[in-house]
Amino acid sequence: MEEKKLPSRQENYSEWYNQLVLRSEMADYAPVRGCMVVRPYGWALWENIQKALDNRFKATGHVNAAFPLLIPQSFMTKEKEHVEGFAPELAVVTHGGGEKLEEPLVVRPTSETIIGTMYAKWIQSYRDLPVLVNQWANVVRWEMRTKLFLRTLEFYWQEGHTAHATEQEAIEETERMLDVYADFAINEAAVPVIKGRKSETEKFAGAKATYSIEAMMGDTKALQSGTSHFLGQNFAQAFDIKFLDENNQLQFCWTTSWGISTRFIGAIIMTHGDDQGLILPPRLAPIQVVVVPIYRKDEEKALVMEKVEEVTKALSAFRVKVDAREGLTPGFKFNDWELKGVPLRIEIGPKDVQNGTLALARRDIPGRDGKSFVPMAGCTQTVADMLETIQASLLTKATKFRDDHIFEVESYEQLKDVVNDKGWAVGWWSDDRENEAKIKEETRATLRCYAPSEGEGVCFFTGRKTNKKAYFARGY
RNA sequence: CGGGGUGUAGCGCAGUCGGCUAGCGCGCUGCGUUUGGGACGCAGAGGUCGACGGUUCGAGUCCGUCCACCCCGACCA
């Protein structure tokens, strides 16, 4: 290990992030530029994210399926805006089995086109609707600049694709899944997110409307952490997804798509992490409790390990890891597990054996303040309560941080000031593409999403009356 | 694609006025002592110095070409 300590977030946030991802063994750089290897610890976190999301998808009536990785290139060109949006970042397969292919195949950057093609085949009648399918998959987008988890050439995600008989139903689905994402983010990951609609400039290529959940990272930058698209009949028309309604009239379907990716791991890291390392929310943490045995002599070891055994048995309802590595000092192990963000640590030493106690150390409260000695009897409940407390306090802390860094602005000058180093700006906004582009060019801040608003106000940029409000921030 | 940086042991680096056996720290292996906030001693293992070409008696070091990766911008989940 080169340096024992991570760079602090203050001195170099980006470097803090990069080193943390590598050193916590979440991910590593792959041999190909811009690609990453998700290591077992990172993948275990992703699996927990998957479970939490998948349960919610099933509970809202969705089923999983798997569509192919390779898509005929011609599919990509059928929806005009879609092709314009994705053409620059496609990976294309031109050869197979040593032969040049008749038609090149693109590696899916997203699956609307292939899934739309299949839906056209499967949907005939209003009785076939709605179709509510999700797939867990990897996709490839040839990005220019990459960063572990946040933007890599290949990433893992889920993409839901639904088809409905009416516009209203499709809109409701779009909103429902946005709510599902927000519920997951807030209640599982303790990542407070803001739900909102994207501007015309920022919306998905081919969508009628895009909604997103936006999270604030530790450096106050915004991260789009999940998206839900109302596709109208755009893809239905491009891929000929039609059905006969009750009146024997041929109609185009209304479709939606929505996704959350491994980028969300980045959101968790940058929402909760501190200078000591990761802090993982208990509900998603691969390891919820780490037990560190402490002893000097063999006699002590025997007694301590006996107690460790007892405790892990009592904690079988949790994801527990015993760090029995020999030859490492307790201090080293404490730092190691703090780097890896395990929410709760239990120390068991000779004193505890003698007193019938356990030493608990909360990851979210560093140092002495986070330590407590509790009776071993009843530790199952103590740990359960403690994990709940940690989960809740992470959310409270992150929410406060976010709210402390969002500022109402009434002028462009104020926005520039806020967005430069203070956080997010929110203000009345007379929606205009050109002005939005200008703000982006001059401040590097983008319109993250529209904010809830009541009545009318004066646009901070144009001075015109408007009924819309919007968040602006620099983003990832 | 523009700007910056880096390629020498698993990781981090030194060596770059050409010179003989390529070095340091961490990590790794073995043994011993340690262990309640990043332990220590001793003994070891580990290298086609990013690739190709050139100059030279001699190249990690000089020259040329190429490649790769990282960071900062334009593009994006």
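Every chain is numbered from 1, with letters handed out A, B, ... down the list of sequences.
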Given the [atom1] atoms of [N] and [M], what is the spacing between them in whole Å?
N: rG27(B); M: rA68(B); atom1: C1'; answer: 25 Å
N: rG73(B); M: rU56(B); atom1: C1'; answer: 44 Å
N: rG47(B); M: rA14(B); atom1: C1'; answer: 15 Å
N: rA59(B); M: rU48(B); atom1: C1'; answer: 15 Å
N: rC42(B); M: rC62(B); atom1: C1'; answer: 43 Å

Hey, does [X] reach any base, or is it just sugar-phosphate, or nothing, if we go heavy atoms under 4.0 Å?
X: R325(A); value: nothing
X: L223(A); value: nothing
X: V304(A); value: nothing
X: Q158(A); value: nothing
X: F204(A); value: nothing
X: P350(A); value: base
X: T152(A); value: base
X: S14(A); value: sugar-phosphate
X: Q224(A); value: sugar-phosphate

Is [N] paired to anything, Watson-Crick or G-U wobble with both distances less than 3.5 Å, and if yes, which nucleotide?
N: rC1(B); answer: rG73(B)
N: rC40(B); answer: rG32(B)
N: rG53(B); answer: rC63(B)
N: rG47(B); answer: none
N: rC11(B); answer: rG25(B)
N: rC20(B); answer: none

Please give, in whole Å, the distance from [N] [atom2] to [X] [atom1]?
X: Y29(A); N: rC11(B); atom1: OH; atom2: P; answer: 14 Å
X: L150(A); N: rC70(B); atom1: CG; atom2: C1'; answer: 15 Å
X: K351(A); N: rG37(B); atom1: NZ; atom2: C1'; answer: 13 Å
X: R444(A); N: rG73(B); atom1: CZ; atom2: C1'; answer: 8 Å
X: F334(A); N: rG36(B); atom1: CZ; atom2: P; answer: 8 Å
X: N335(A); N: rG27(B); atom1: CG; atom2: P; answer: 14 Å
X: F332(A); N: rC26(B); atom1: CZ; atom2: C1'; answer: 11 Å
X: L153(A); N: rC76(B); atom1: CG; atom2: C1'; answer: 12 Å

Does rU35(B) have its OP1 or OP2 closer than 4.0 Å to a side-chain nitrogen or oxygen of T329(A)? no

Would you please confirm or rule out a distance under 4.0 Å between OP1 or OP2 of rC72(B) and any side-chain N or O of R145(A)? yes

Keeping to residues at least two apart or across chains, list the side chain to side chain donor-acceptor pair (under 3.5 Å) pairs with something in residues 336-354 of chain A. D323(A)-W337(A), R325(A)-D336(A), E338(A)-R345(A), R345(A)-E347(A), E347(A)-K371(A), D352(A)-T357(A)

Residues 66-85 of chain A vs side chain to side chain donor-acceptor pair (under 3.5 Å), sequence neighbours excluded, gives S74(A)-E103(A)

Check whether the side chain of D352(A) and the base of rG36(B) form a donor-acceptor pair under 3.5 Å. yes

Look at the side chain of Q19(A) against the base of rG12(B) and say whether a donor-acceptor pair falls under 3.5 Å; ignore hydrogens and angles. no

Heavy atoms of I294(A) and P330(A) approach each other most closely as CG1-CG, 3.8 Å

The salt bridge (charged side-chain N to carboxylate O under 4.0 Å, His left out) partners of K301(A) (sequence neighbours excluded) come to E326(A)

Listed partners of K422(A) passing salt bridge (charged side-chain N to carboxylate O under 4.0 Å, His left out), at least two apart: D417(A)

Name every residue in residues 291-303 of chain A that has at least one heavy atom under 4.0 Å from any atom of RNA chain B, in order of residue number, or write none if there are no such residues. I294(A), Y295(A), R296(A)

Is a donor from one side chain sitting under 3.5 angstrom from an acceptor on the other, for D54(A) and W136(A)? yes

Under a 3.5 Å cutoff, is there a donor and acceptor pairing between the side chains of K198(A) and Q224(A)? yes

Which label fits F264(A) and F184(A): parallel for a plane angle under 30°, tilted from 30 to 60°, or perpendicular past 60°? tilted

What class does the angle between the rings of Y13(A) and W16(A) fall in, given that below 30° is parallel, 30 to 60° is tilted and above 60° is perpendicular? tilted

Any residue meeting ring-ring contact (aromatic ring centres under 6.0 Å, His included) with Y156(A), in chain and number order, not counting sequence neighbours: W43(A)

Of all the choices, rC76(B), rG37(B), rG36(B), which nucleotide is nearest to the side chain of R151(A) once you look at every atom? rC76(B)

